[in-house]
Peer 1: 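My questions all concern the structure below.
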Amino acid sequence: DQQVKQNSPSLSVQEGRISILNCDYTNSMFDYFLWYKKYPAEGPTFLISISSIKDKNEDGRFTVFLNKSAKHLSLHIVPSQPGDSAVYFCAASEGNNDMRFGAGTRLTVKP
Amino acid sequence: SQTIHQWPATLVQPVGSPLSLECTVEGTSNPNLYWYRQAAGRGLQLLFYSVGIGQISSEVPQNLSASRPQDRQFILSSKKLLLSDSGFYLCAWSHPPTGPKNYEQYFGPGTRLTVT
């Protein structure tokens with residue numbers, strides 16, 4: 001069963017505009033959420049995370065929002081840059097060992 | 001600083017042949033170790049994780065197996081590969097539960113496996 005869903009397989013935005021990537025989850029026991037960025041033929045790299053006790057975490061151009069009642073989180077990138085073009089994976093964890101990943105969203109930032 | 005190594009980077013194997021992928025981590029002790037597979041157009045599927053030497057948990061039934069002969073070594077194996085085993089295999093590590101940032105996982109460069 002897919003406990004973490006990224007319903008948009010791709011997203012295209014113009015350079016300088018905001019990119020919003022969405023993620024939904026079904027397991028209310030998830031207590032930590034992460035976003036990973038992946039370039040082709042490379043392993044994912046950690047981008048930003050948020051604990052379930054918070055609703056927002058910001059790191060430079062990247063902000064993650066968590067809406068627990070809706071079981072929804074989003075990643076905002078502003079302003080978007082061409083180098084941000086990659087596949088973004090949402091992940092959720094219940095405890096340290098059990099992390100579930102979404103299918104990923106391919107972001108393309110056009111110059 | 002910590003680094004994670006995976007090899008080989010690419011592998012082409014015939015159906016029915018054995019498989020051995022190796023992953024090693026440097027710069028940390030007693031890490032949690034993970035094997036993931038990314039099939040074409042799909043997300044990351046957790047295959048195995050390990051919290052210590054000889055301790056392996058399997059997430060999905062399959063013809064793959066994992067072993068952890070040393071603290072920072074994780075091996076993914078198969079006795080007979082299937083066509084459906086093709087994919088991108090990723091090893092990852094995280095700090096042990098008592099360590100800092102224990103939720104974040106750090107991934108290796110991956111192995112592209114094609115079964116023909």
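Convention: sequence-line order gives letters A, B, ...; per-chain numbering from 1. Here the structure is a predicted model, which is why all the values come from computation and not from measurement.
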Peer 1: Only pairs of heavy atoms separated by less than 4.5 Å count here; which of B:Thr111, B:Leu90, B:Thr10 has the most with chain A?
Peer 2: B:Leu90
Peer 1: Partners of A:Ala92 by side-chain contact (heavy atoms from CB on, under 4.5 Å), sequence neighbours excluded?
Peer 2: A:Val4, A:Phe30, A:Phe33
Peer 1: Take A:Lys68 and A:Asp55, measure what salt bridge (charged side-chain N to carboxylate O under 4.0 Å, His left out) needs, and give me the verdict at the end.
Peer 2: CA-CA 8 Å; A:Lys68 283 179 291 185; A:Asp55 55 19; over 6 Å; no
Peer 1: Does any backbone or side-chain atom of A:Ala91 lie under 4.5 Å from a heavy atom of chain B? Answer side chain, backbone, both or neither.
Peer 2: neither
Peer 1: Give, as side chain, backbone, both or neither, the part of B:Leu44 having an atom under 4.5 angstrom from any heavy atom of chain A.
Peer 2: both
Peer 1: side-chain contact (heavy atoms from CB on, under 4.5 Å), that's the test. Do A:Leu107 and A:Val13 meet it? Break it down for me.
Peer 2: CA-CA 8 Å; A:Leu107 173 66; A:Val13 301; 4.1 Å; yes
Peer 1: What about the rings of A:Phe65 and A:His76, do their centers lie closer together than 6.0 Å?
Peer 2: yes
